[in-house]
Amino acid sequence: FKQKTAYEIRLSLVGSEMCIRDSKSAVAMQNEDGLTVFWKFYAATESITTLRPDLERLQQRNKNPGSESKVSWVDNCCIVEPKLKQILGPDHLVKLDAFHWQCCWDPILADLKSKKTVVFRSLMRRALFLCEPHECKRVRSDLEAAGKPHTPREVLKIAKSTMPPPAELEKRVMSVIHAMMDKDNETDRARTTNADVTEKKEARFFKRGADMLNAIVNQMSHVRKGCLSDPPSTVFPMFRINPTTGKAHAV
């Protein structure tokens, strides 16, 4: 759910203008195929209480053809999870989407436009997403059958990745954080031993202080609770393979 400040939207309808004023929040929902199934502007601020009547209608709509919503990805999982479970059922899984989790690192990065920030984001993406062996094997077989190059590089370009379980994901994420901390320690030591004050100082990855440590603790709490990890295959299959083209799409 993305909160908006008060704004005005103008829509041209049959030569006249219809204004939607005083909307303070907006919501958009997508299904597993990335198709928008619901969107709405609200006069109230961002809240599950505001959204509840529409969620209940959407849940009823899903149940009519015999299906149900099993997992939701939101930007504030631990806050809205209890209320979402009241509406969608106790077995409904509430996950944190990777984009907003990545954005939460921004306040503690030393320079958002530096090359080191680009390196950090790249390494963290590699830590989050893991290509499972059976997916690599499937892609390699398809490439071999089509007579195309099937080197590891070509396989990884096509193979779809998932987020591993909490224990494995924690190791992967912490390895990136520790590596960045070690680099920052080397940078700090170089600054203290370099007597040339005119030389440009190397930038750090992270800012110093308690805020940085608190942010890491908060980010890792989501990892340990499984907010980022993909649901198990017993809930629903993460890959959808087109039987005609053979292409796979991750949920």
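This one's a predicted model, so the numbers in the text were calculated from it and none came from an experiment.
Residues V94 and V71 have side chains not in contact (no heavy-atom distance under 4.5 Å, counting atoms from C-beta outward). With a 4.5 Å cut-off on side-chain heavy atoms, N214 and I108 do not count as touching. Residues C78 and K225 are in side-chain contact: their nearest non-hydrogen atoms beyond the backbone lie under 4.5 Å apart. For the pair Y42 and L51, the minimum side-chain heavy-atom distance is below 4.5 Å.
The line from CD of E81 to OG of S72 is 10.5 Å long, rounded to the nearest 0.5 Å. Going from atom OG of S161 over to atom CD of E135 covers 9.0 Å, rounded to the nearest 0.5 Å. Note that the CE atom of M181 and the CZ atom of R204 stand 9.5 Å from one another [nearest 0.5 Å]. Atom CE of M180 sits about 4.5 Å away from atom CZ of F205, to the nearest 0.5 Å. Here the CE-CZ distance, from M212 to R208, works out to 9.5 Å after rounding to the nearest 0.5 Å. Taking CG of N76 as the reference point, atom CD1 of I48 lies at 7.0 Å (rounded to 0.5 Å).
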Donor-acceptor pairs under 3.5 angstrom involving side-chain atoms of residues 118-125: please list them, not counting sequence neighbours.
residue	atom	partner	partner atom	Å
R121	NH1	D106	OD1	3.1
R121	NH2	D106	OD1	2.9

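One hydrophobic cluster holds both F206 and V223 under the rule that ILVMFWY side chains link at heavy-atom gaps under 4.5 Å. A continuous path of ILVMFWY side-chain contacts below 4.5 Å connects I177 to L109, so both sit in one hydrophobic cluster. Under the 4.5 Å side-chain contact rule for hydrophobic residues, L130 and M174 do not share a cluster. Note on L128: it does not cluster hydrophobically with V74, by side-chain heavy-atom contacts below 4.5 Å among ILVMFWY residues.
Salt bridge annotation for E170-R224: present, with a cationic side-chain nitrogen under 4.0 angstrom from a carboxylate oxygen. D142 has a carboxylate O that lies under 4.0 Å from a charged side-chain N of R138, or vice versa, which qualifies the two as a salt bridge. Using a 4.0 Å cut-off between charged side-chain N and carboxylate O, K40 and D54 make a salt bridge.
In this structure a side-chain-to-backbone donor-acceptor pair under 3.5 Å is present from S25 to A44. H92 places a side-chain N or O within donor-acceptor distance of the main-chain N or O of S69, the cut-off being under 3.5 Å. Using modelled atom types, one side-chain atom of S229 and one backbone atom of P164 make a donor-acceptor pair closer than 3.5 Å. Listed for the W101 side chain is a donor-acceptor partner under 3.5 Å among the backbone atoms of Q219.
For the pair R191 and A203, the tightest heavy-atom approach, listed with the atom from each and the gap, is NH2-CA, 4.1 Å.
The neighbour count for R52 CZ, taken as heavy atoms of other residues, nucleotides or ligands under 6.0 Å away, is above 12. Enclosure of atom NZ in K85 by more than 12 non-hydrogen atoms of other residues, nucleotides or ligands within 6.0 angstrom is indicated. Within a 6.0 Å sphere centred on CD1 of I79, other residues, nucleotides and ligands contribute 12 heavy atoms or fewer.
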Derivation and outcome, side chain to side chain contact (heavy atoms under 4.5 Å, CB included), residues E56 and L88: CA-CA 8 Å; E56 291 175 344; L88 303 176; over 6 Å; no
